[in-house]
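Here the structure comes first, spelled out in structure tokens, and everything after it is commentary.
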Amino acid sequence: MRIALLTSTLEGGGAARVLVNMANHWARAGHAVVLFSFEDGTSPSYYPVDNKVKVVYLDLARISTNLIASLRNNLERLRKIRHAVAAFGPDALISFIDTANIRTLVALIGTGIPVIVSERIHPKYERIGRFWSMLRLATYPLARAVVMQTERSKEYFPGFL
């Protein structure tokens, strides 16, 4: 299989550890694996990445100081995600972390690439704002699967997920 994994950062934390562990496992099992990160690549992954895993830094971590900058930065993020992922041509993509999940789902609309999104923290305790919360509810039904850490996290979302 060709497996893509995507996250906003590899600089540490539980989500990065899990993604790197998954990437390493599948690469050692003989799958082609690419790990996409929103970072610029100036800081390597906090966790050791097997040399069989290709790491692609998308350089998307930009600060938006106003609405225009936010729109421009997010359109650029969508374009880069779509282009990079489509160039790899994965059989499936697994995305971690709320806003990265939303951006990935929107970026890959119409590509036919199955996307699995993973919520790593209970949404009640990790507020992403009203706009992003509405986008999450609108885009998560586009995912092939939505993975939660706990039953309580699952209960946060409507039954259609």
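Under the side-chain contact (heavy atoms from CB on, under 4.5 Å) criterion, Ala107 pairs with Leu78, Ile81, Arg82, sequence neighbours left out. The salt bridge (charged side-chain N to carboxylate O under 4.0 Å, His left out) test applied to Asp91 returns no partner, not counting sequence neighbours. Remark: Asn51 pairs with no residue by the side-chain contact (heavy atoms from CB on, under 4.5 Å) rule, at least two apart or across chains. Residues meeting the side-chain contact (heavy atoms from CB on, under 4.5 Å) test with Ser118, sequence neighbours left out: Phe96, Arg120, Val147. Applying the salt bridge (charged side-chain N to carboxylate O under 4.0 Å, His left out) criterion to Asp50, with sequence neighbours excluded, gives Arg28. When the side-chain contact (heavy atoms from CB on, under 4.5 Å) test is applied to His83, no partner is found at least two apart in sequence or on another chain.
Between the side chain of Arg77 and the backbone N or O of Arg62, at least one donor-acceptor pair lies under 3.5 Å. No donor-acceptor pair closer than 3.5 Å links the side chain of Tyr140 to the backbone N or O of Ile102. Judged by distance alone, with hydrogens and angles left aside, the side-chain atoms of Asn24 form a donor-acceptor pair with the main-chain N or O of Pro48 at under 3.5 Å. Here the side chain of Arg2 pairs a donor or acceptor atom with the backbone of Phe88 at under 3.5 angstrom.
Proximity of Asp98 to Arg136: side-chain heavy atoms (C-beta onward) are separated by under 4.5 Å at one or more points. Residues Asn74 and Val106 have side chains not in contact (no heavy-atom distance under 4.5 Å, counting atoms from C-beta outward). Side-chain contact between Val85 and Pro90 is present, with at least one heavy-atom pair separated by less than 4.5 Å. Side-chain contact between Ser45 and Val20: present, with at least one pair of heavy atoms (C-beta onward) separated by less than 4.5 Å. Using a 4.5 Å cut-off on side-chain heavy atoms (C-beta onward), Val56 and Phe36 make contact. Looking only at side-chain heavy atoms (C-beta outward), Ile94 and Trp26 come within less than 4.5 Å of each other.
Ile3 and Leu35 fall within the same hydrophobic cluster, defined by Ile, Leu, Val, Met, Phe, Trp and Tyr side-chain heavy atoms under 4.5 Å apart, directly or through other members. Note on Leu142 and Met134: separate hydrophobic clusters, where clusters join Ile, Leu, Val, Met, Phe, Trp and Tyr whose side-chain heavy atoms are under 4.5 Å apart, directly or indirectly. Hydrophobic clustering of Ile, Leu, Val, Met, Phe, Trp and Tyr side chains at less than 4.5 Å, counting indirect connections, unites Ile116 with Val53. Taken together through direct or relayed side-chain contacts under 4.5 Å among Ile, Leu, Val, Met, Phe, Trp and Tyr, Tyr47 and Tyr57 form part of one hydrophobic cluster. In the hydrophobic cluster analysis, where Ile, Leu, Val, Met, Phe, Trp and Tyr join through side-chain heavy atoms closer than 4.5 angstrom, Leu105 is grouped together with Leu108.
Separation of atoms OG1 (Thr7) and CG (Leu19) is listed at 5.5 Å; rounding is to 0.5 Å.
Checked against Leu60 for a side-chain contact (heavy atoms from CB on, under 4.5 Å), the options Glu39, Arg103, Lys80 give a single hit: Lys80. Shown are Leu93, Ile109, Thr139; of these, the side-chain contact (heavy atoms from CB on, under 4.5 Å) with Val115 is made only by Leu93.
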Please step through side chain to side chain contact (heavy atoms under 4.5 Å, CB included) for the pair Leu5 and Val33, ending with a clear verdict.
CA-CA 8 Å; Leu5 302 139; Val33 179; 3.7 Å; yes

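Closest approach of Ser8 to Ser37, counting heavy atoms only: O-OG, 3.7 Å. Nearest heavy atom pair, residue Val117 against residue Ala143, reads CG2-CB, 4.1 Å. The heavy-atom pair separating His31 from Met1 by the smallest distance is ND1-N, 3.0 Å.
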